[in-house]
Novice: 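Here it is: the structure, laid out below.
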There are 2 protein chains.
Amino acid sequence: MARPRKPLLSRDRIVEAASTLVDSEGLEAVSTRRLAAELGVSGPSLYNHFRNKDEILDAVADSVSAQVDLSMFDEDDGRDWRAALHDWAVSYRAALAAHPHIVPVLAQGPGRRPAGLRVADAAFGGMVRAGWPPTQATYIGALMRYFVTGSALGSFARGFVDDETAYDPADYPHLGQAHLLADRRQKVDEGAFETGLRAILDGLALQYEQRTPAATVRPSPKRS
Amino acid sequence: MARPRKPLLSRDRIVEAASTLVDSEGLEAVSTRRLAAELGVSGPSLYNHFRNKDEILDAVADSVSAQVDLSMFDEDDGRDWRAALHDWAVSYRAALAAHPHIVPVLAQGPGRRPAGLRVADAAFGGMVRAGWPPTQATYIGALMRYFVTGSALGSFARGFVDDETAYDPADYPHLGQAHLLADRRQKVDEGAFETGLRAILDGLALQYEQRTPAATVRPSPKRS
DNA sequence: ACCTGAACACCGTTCAAGT
DNA sequence: ACCTGAACACCGTTCAAGT
């Protein structure tokens with residue numbers, strides 16, 4: 001056929017097909033040839049739209065970042081910084097959990113992914129407006145990302161073998177067999193996320209009270 | 001040559017060579033053929049010692065977990081749970097930071113990696129002995145792992161392009177150009193880790209005070 | 001500009017054959 | 001038991017050729 005009058009491909013179509021493939025069969029199922037076949041074209045066609053395979057995967061990862069709700073950081077949103085951070089973390093984690101196979105790509109720093117940077121930017125802006133010093137605001141955005149991506153990636157619920165005999169209790173004196181069951185593992189992930197999120201927010205609240213009252217942008221929430 | 005009287009390979013030698021290769025040239029440089037060449041054997045030889053390439057990488061990851069200091073959870077260590085958790089997190093992160101290229105493998109849950117499970121087991125045991133209820137102790141081990149692996153993996157210091165013009169300020173109104181410079185990024189990682197760790201420990205301390213004083217592991221955990 | 005087939009330099013893994 | 005070369009079924013990417 002060679003070149004058709006209407007392009008067969010577009011970046012969006014490629015990203016969409018790649019996302020579907022990643023979600024249904026995992027990262028390793030994505031080869032340029034397989035992906036091209038899924039799109040009804042030959043492998044090298046993709047190189048008219050992306051420089052290489054990594055850029056395609058980056059774009060897939062970024063499309064997940066784009067689904068993270070950032071409205072809690074809007075100027076006219078009523079919530080205080082703590083509630084905003086909480087809601088953000090929950091939305092962030094939900095977005096990643098919906099596409100677990102791409103998380104390893106997404107977790108590797110915001111790098112050159114626009115939506116990933118937008119997430120960092122929004123959180124930073126929200127914290128500064130709430131009265132956090134810029135340096136601290138940067139740290140908060142980063143540490144929340146560490147925690148959320150870490151929890152989405154390093155889930156207890158994944159990577160275990162569902163064969164209790166694979167884990168000798170003598171090797172792990174404290175870790176009961178119960179911890180290694182599938183049901184239990186998912187509860188561990190949820191509990192650990194909630195516990196960790198609460199601890200982070202409580203701990204940040206202490207730091208907020210003690211912060212050097214340098215930059216306040218609005219009336220000032222002060223301590224209650 | 002075929003089979004020599006003394007085996008040319010061993011699991012340890014393979015893991016060592018793979019680690020060196022991962023550290024020096026990154027994950028993608030590790031192919032079974034390249035690794036075998038580095039060891040002076042042919043590719044398929046590796047399959048006498050490992051079932052597949054993934055098992056080799058798991059072993060490399062586990063050798064990093066094995067370097068995490070766990071002595072702070074020893075029965076006769078004087079530190080309280082908070083100090084133990086702090087020192088553990090710092091040692092944990094240092095171990096990962098020393099081998100950044102294998103972190104994506106390591107971060108994917110403790111799975112079937114013995115040393116990874118031993119890390120989880122030790123932390124759990126230490127928290128229970130300090131008076132945390134078992135459920136909370138499990139959560140703490142998991143959430144700390146999320147945070148530490150997330151910070152080692154998702155570092156701001158990696159994945160950025162060192163070309164300021166690549167990031168249009170109009171796209172990220174709050175994120176100044178300064179954030180995107182290499183020096184700055186490393187400081188962000190350190191600051192974010194310290195700030196996050198402190199927040200987690202402070203927050204957990206609040207939860208510790210309010211915990212249901214149900215289980216203290218010795219003399220007898222039974223409440224009834 | 002955008003797609004193609006052919007080609008290059010690789011992969012992971014299996015397997016029969018050697019000792 | 002442990003290594004080999006050959007082979008299979010793949011890879012990512014380049015490139016000249018087609019429209």
Side-chain angles (χ1 to χ4, degrees), chain A residues 1-22 24-62 101-102 104-105 108 111-113 159, chain B residues 1-22 24-62 101-102 104-105 108 111-113 159:
Chain A
M1 55 177 65
R3 169 163 134 86
R5 57 194 62 208
K6 262 262 168 175
L8 295 174
L9 294 179
S10 67
R11 287 177 65 97
D12 281 351
R13 252 180 46 80
I14 293 169
V15 170
E16 200 174 350
S19 295
T20 303
L21 195 50
V22 169
S24 59
E25 302 188 37
L27 253 192
E28 71 209 352
V30 182
S31 73
T32 55
R33 290 164 137 103
R34 171 78 191 279
L35 176 56
E38 219 78 44
L39 286 159
V41 298
S42 80
S45 305
L46 301 172
Y47 291 81
N48 286 298
H49 303 269
F50 288 94
R51 260 207 289 273
N52 53 42
K53 184 184 165 180
D54 275 356
E55 280 199 359
I56 298 177
L57 291 179
D58 274 345
V60 171
D62 218 38
H101 293 125
I102 197 68
V105 175
Q108 308 223 92
R112 356 165 108 270
R113 294 189 304 273
Chain B
M1 56 178 66
R3 170 164 135 86
R5 57 195 61 209
K6 262 263 169 175
L8 295 173
L9 293 179
S10 67
R11 288 177 65 97
D12 281 352
R13 252 179 47 79
I14 293 169
V15 170
E16 200 174 350
S19 293
T20 303
L21 196 50
V22 169
S24 60
E25 302 189 34
L27 252 191
E28 72 210 352
V30 182
S31 73
T32 55
R33 291 166 137 101
R34 170 78 192 278
L35 176 55
E38 219 77 45
L39 286 158
V41 298
S42 81
S45 305
L46 302 173
Y47 291 81
N48 287 297
H49 304 269
F50 288 93
R51 260 209 288 275
N52 52 42
K53 184 184 165 181
D54 276 356
E55 280 198 358
I56 298 176
L57 292 178
D58 274 344
V60 172
D62 218 37
H101 293 125
I102 198 66
V105 174
Q108 307 225 97
R112 340 172 116 274
R113 294 190 305 272

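Chain naming here is simple, since letters A, B, ... match the order of the sequence lines and numbering starts at 1 in each. These numbers come from a predicted model, not from an experiment. All heavy atoms count here, side chains included; hydrogens, waters and symmetry mates do not.
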Novice: Take the protein atom CZ of B/Arg51 and the nucleotide atom C1' of C/dT14, then report the distance between them rounded to whole Å.
Specialist: 15 Å
Novice: Rounded to whole Å, how long is the line connecting atom CZ of B/Arg33 with atom P of D/dG5?
Specialist: 12 Å
Novice: Near DNA chain C, under 4.0 Å by heavy atom, which residues of residues 43-50 of chain A?
Specialist: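 Residues of residues 43-50 of chain A under 4.0 Å from DNA chain C: A/Pro44, A/Ser45, A/Asn48, A/His49.
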Novice: I'd like to check B/Asn52 versus B/Glu55 (side-chain heavy atoms, cut-off strictly below 4.5 Å). Are they in contact?
Specialist: yes
Novice: Provide, to the nearest angstrom, the distance between the CG atom belonging to B/Leu8 and the P atom belonging to C/dT19.
Specialist: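 My rounded result for the distance is 16 Å.
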Novice: May I ask which nucleotide in the shown strands pairs with C/dG5, Watson-Crick or G-U wobble, both distances under 3.5 Å?
Specialist: D/dC15
Novice: Is there a side-chain contact between B/Leu57 and B/Leu27, using heavy atoms and a 4.5 Å cut-off?
Specialist: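 Yes. Closest side-chain heavy atoms under 4.5 Å.
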Novice: For A/Ala29 and A/Arg34, which heavy atoms make the closest approach, and how far apart are they?
Specialist: O-CG, 3.6 Å
Novice: Can you tell me how far P of D/dT13 sits from CD of A/Glu55, to the nearest Å?
Specialist: 10 Å
Novice: Say we look at D/dA9 and C/dA9: how far apart would their P atoms be, to the nearest angstrom?
Specialist: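 About 22 Å, rounded to a whole number of Å.
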Novice: Taking only side-chain nitrogens and oxygens of B/Ser42, does any of them come within less than 4.0 Å of OP1 or OP2 of D/dC3?
Specialist: no
Novice: Which part of the nucleic acid does B/Ser31 contact within heavy-atom distance under 4.0 Å: base, sugar-phosphate only, or nothing?
Specialist: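 Sugar-phosphate, no base atom in range.
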Novice: For C/dC8 versus D/dC10, give the span between their C1' atoms, rounded off to a whole number of Å.
Specialist: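 Pairwise C1' distance, C/dC8 against D/dC10, rounds to 15 Å.
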Novice: Taking side chain as C-beta onward, heavy atoms only, is B/His101 less than 4.5 Å from B/Glu25?
Specialist: no
Novice: Using atom types as modelled and distance alone, determine if a side-chain donor or acceptor of A/Arg13 lies under 3.5 Å from a backbone N or O of A/Leu8.
Specialist: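 Present.
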Novice: Under a 4.5 Å cut-off applied to non-hydrogen side-chain atoms, are A/Ser45 and A/Leu9 in contact?
Specialist: yes
Novice: For residues A/Ile102 and A/Val105, determine if any side-chain heavy atom of one lies less than 4.5 Å from a side-chain heavy atom of the other.
Specialist: yes
Novice: Between B/Lys53 (NZ) and C/dT13 (P), how many Å, whole number?
Specialist: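 Rounding to the nearest Å, NZ of B/Lys53 and P of C/dT13 are 8 Å apart.
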Novice: Whole angstrom is fine here: how far is it from CD in B/Glu28 over to P in D/dC11?
Specialist: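 The distance from CD of B/Glu28 to P of D/dC11 comes to 18 Å, rounded to the nearest Å.
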Novice: Starting at CG of A/Asp54 and ending at C1' of D/dT13, how long is that distance when rounded to a whole Å?
Specialist: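 Value for this atom pair: 12 Å.
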Novice: Side chain of B/Leu9, heavy atoms from C-beta onward: which of D/dT13, D/dC3, C/dC3 has the nearest atom to it?
Specialist: D/dC3
Novice: Give the rounded distance in Å between these two atoms: CG of A/Leu39 and P of C/dT4.
Specialist: 11 Å
